[in-house]
Number of protein chains: 2
Amino acid sequence: MDDSSKRDRIQRYRQVCRELGERCTAQRLVILEAVLELDNHPTADDVFSAVSTRLPTVAKPTVYRTLEHLARVGAITKACHPGNVARYDSRVDLHHHLVCLHCNQFVDFENETLDGLAIPDTSDMGFEVTDFRVQLRGICRSCQARAREGDSK
Amino acid sequence: MDDSSKRDRIQRYRQVCRELGERCTAQRLVILEAVLELDNHPTADDVFSAVSTRLPTVAKPTVYRTLEHLARVGAITKACHPGNVARYDSRVDLHHHLVCLHCNQFVDFENETLDGLAIPDTSDMGFEVTDFRVQLRGICRSCQARAREGDSK
DNA sequence: TTAAGTGCAAAAGCTTTGCGGGTAG
DNA sequence: CTACCCGCAAAGCTTTTGCACTTAA
């Protein structure tokens, strides 16, 4: 993410903290900054590593707690994916994902037609929908290659 | 899931095993049957509990290995969700999910308009897409209620 | 018959908790 | 000031691994 968007996002987070009466600590800011720089859906451990290089005193439980906090206040989002480790998404805007069902990797996918999708009525489910994502499920390039290798053996 | 669909699915699984040269063991059949009966995206542990009542000798690692196996051969699917435990989906057909970003719960959502969505071209990403899901993200009924309670305090 | 599958026990990995001390507002 | 937050250590889950035994085909 470029520097000016990053500054914007951090600024907006400070604002949200003020509104909600949440504390804006040095740890929280460093962790948010790290997520914004780690583009591809980092795990808590990825974030911990990145944070350790710039503020080595930050503890792992703080990273876990802070990531949940940041997601709760909307500064980042939780990623939905087929793996079994929590992953976070620095993006909060509308976008979509290509999901590999072989290796569980997933990458961002931009598409205006998908963005234009009308959100259906979900009131009878008691659900208040604010947003959506389309997951395109299939097989990534490297898993296709691996499958071809397997065939030829 | 009703009995006749269940029988169909098990039958189809036997067929796939024959084609792929995979072994069709008693454990695999019991585990598949359990997933088909557990409608709401069970975890490995949910499946283990269900299986234990009917074939108590099945070990937990077998459940883990078998669920991966069943997903690999397409008898079930992995669910994509914001939590950090692997969850499986007995459904392999086109459907969608309502995802609660507060409590990580998610439920099935049927909608023909969403089903009709054209899959965009992803060849430039090297991705072979076979399927898709739309995640409608928001807040579920009980989390809304909890939020209202919180407000009034 | 025999390679794939299973059970067991143990290890490894991820996440949460409790608590004393620190600090933003 | 003081309620909220953090670091530490430890516990609690979930998932994987290695190996000897069993079994489907």
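Chain naming here is simple, since letters A, B, ... match the order of the sequence lines and numbering starts at 1 in each. Given the structure is predicted, the values throughout are model-derived calculations rather than measurements. Every heavy atom of this structure was used, including side-chain atoms; hydrogens, water molecules and symmetry mates were not.
Nucleotide C/dA3 holds its P atom 20 Å from the CG atom of B/Leu20, rounded to whole Å. Put simply, CZ on B/Arg72 is 12 Å from C1' on C/dA4, counting in whole angstrom units. What separates CZ of B/Arg28 from P of C/dG7 is a distance of 11 Å, to the nearest Å. Put simply, OH on A/Tyr88 is 7 Å from P on C/dT15, counting in whole angstrom units. We find that CD1 of B/Ile31 is positioned 10 Å from C1' of C/dT6, with the value rounded to whole Å. Put simply, CZ on A/Arg18 is 18 Å from C1' on D/dC4, counting in whole angstrom units. If you measure from atom CD of B/Glu22 to atom P of C/dT6, you get 10 Å, rounded to the nearest angstrom. Atom NE2 in A/His69 sits roughly 16 Å away from atom P in C/dT16 (whole-Å rounding).
Two residues, B/Lys60 and B/Cys17, neighbour DNA chain D, and the one matched to the more 5' nucleotide by heavy-atom proximity is B/Lys60. With DNA chain D read from its 5' end, the first of the two nearest nucleotides for B/Glu68 and B/Thr25 is the one closest to B/Glu68. Residue-to-nucleotide proximity on DNA chain C shows that, of B/Val58 and B/Gly21, the 5′-proximal contact is made by B/Gly21.
Applying the side-chain contact (heavy atoms from CB on, under 4.5 Å) criterion to A/Lys6, with sequence neighbours excluded, gives A/Met1, A/Asp3, A/Glu33, A/Leu36, A/Glu37.
Here A/Asp45 lies out of heavy-atom contact (under 4.0 Å) with every strand. Note on A/Thr57: only backbone sugar-phosphate atoms sit closer than 4.0 angstrom, heavy atoms only; bases stay farther off.
When the side-chain nitrogen and oxygen atoms of A/Gln27 are compared with OP1 and OP2 of C/dT23, none of them lie within a distance under 4.0 Å. B/Tyr64 has a side-chain polar atom (N or O) that falls below the 4.0 Å cut-off from OP1 or OP2 of D/dT15.
For A/Arg23 and D/dC5, a side-chain-to-base donor-acceptor distance below 3.5 Å is absent, hydrogens and geometry of angles not being considered.
Side chains of B/Gln15 and B/Arg12: a donor-acceptor N/O pair is absent below 3.5 angstrom, by distance only. Neither side chain, B/Thr43 nor B/Asp45, offers a donor N or O lying under 3.5 Å from an acceptor on the other.
Nearest heavy atom pair, residue B/Val134 against residue B/His96, reads N-ND1, 2.9 Å.
Comparing atom distances between the B/Pro61 side chain and each of C/dG5, D/dC6, D/dT17 picks out D/dT17 as nearest. Side-chain proximity of B/Arg65 to the nucleotides D/dT17, D/dT14, C/dT15 is greatest for D/dT17. Side-chain proximity of A/Asn84 to the nucleotides D/dG7, D/dC6, D/dT15 is greatest for D/dT15.
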(request) Could you walk me through whether A/His41 and A/Asp46 pass side chain to side chain donor-acceptor pair (under 3.5 Å), step by step? (result) CA-CA 9 Å; A/His41 316 113; A/Asp46 295 336; over 6 Å; no
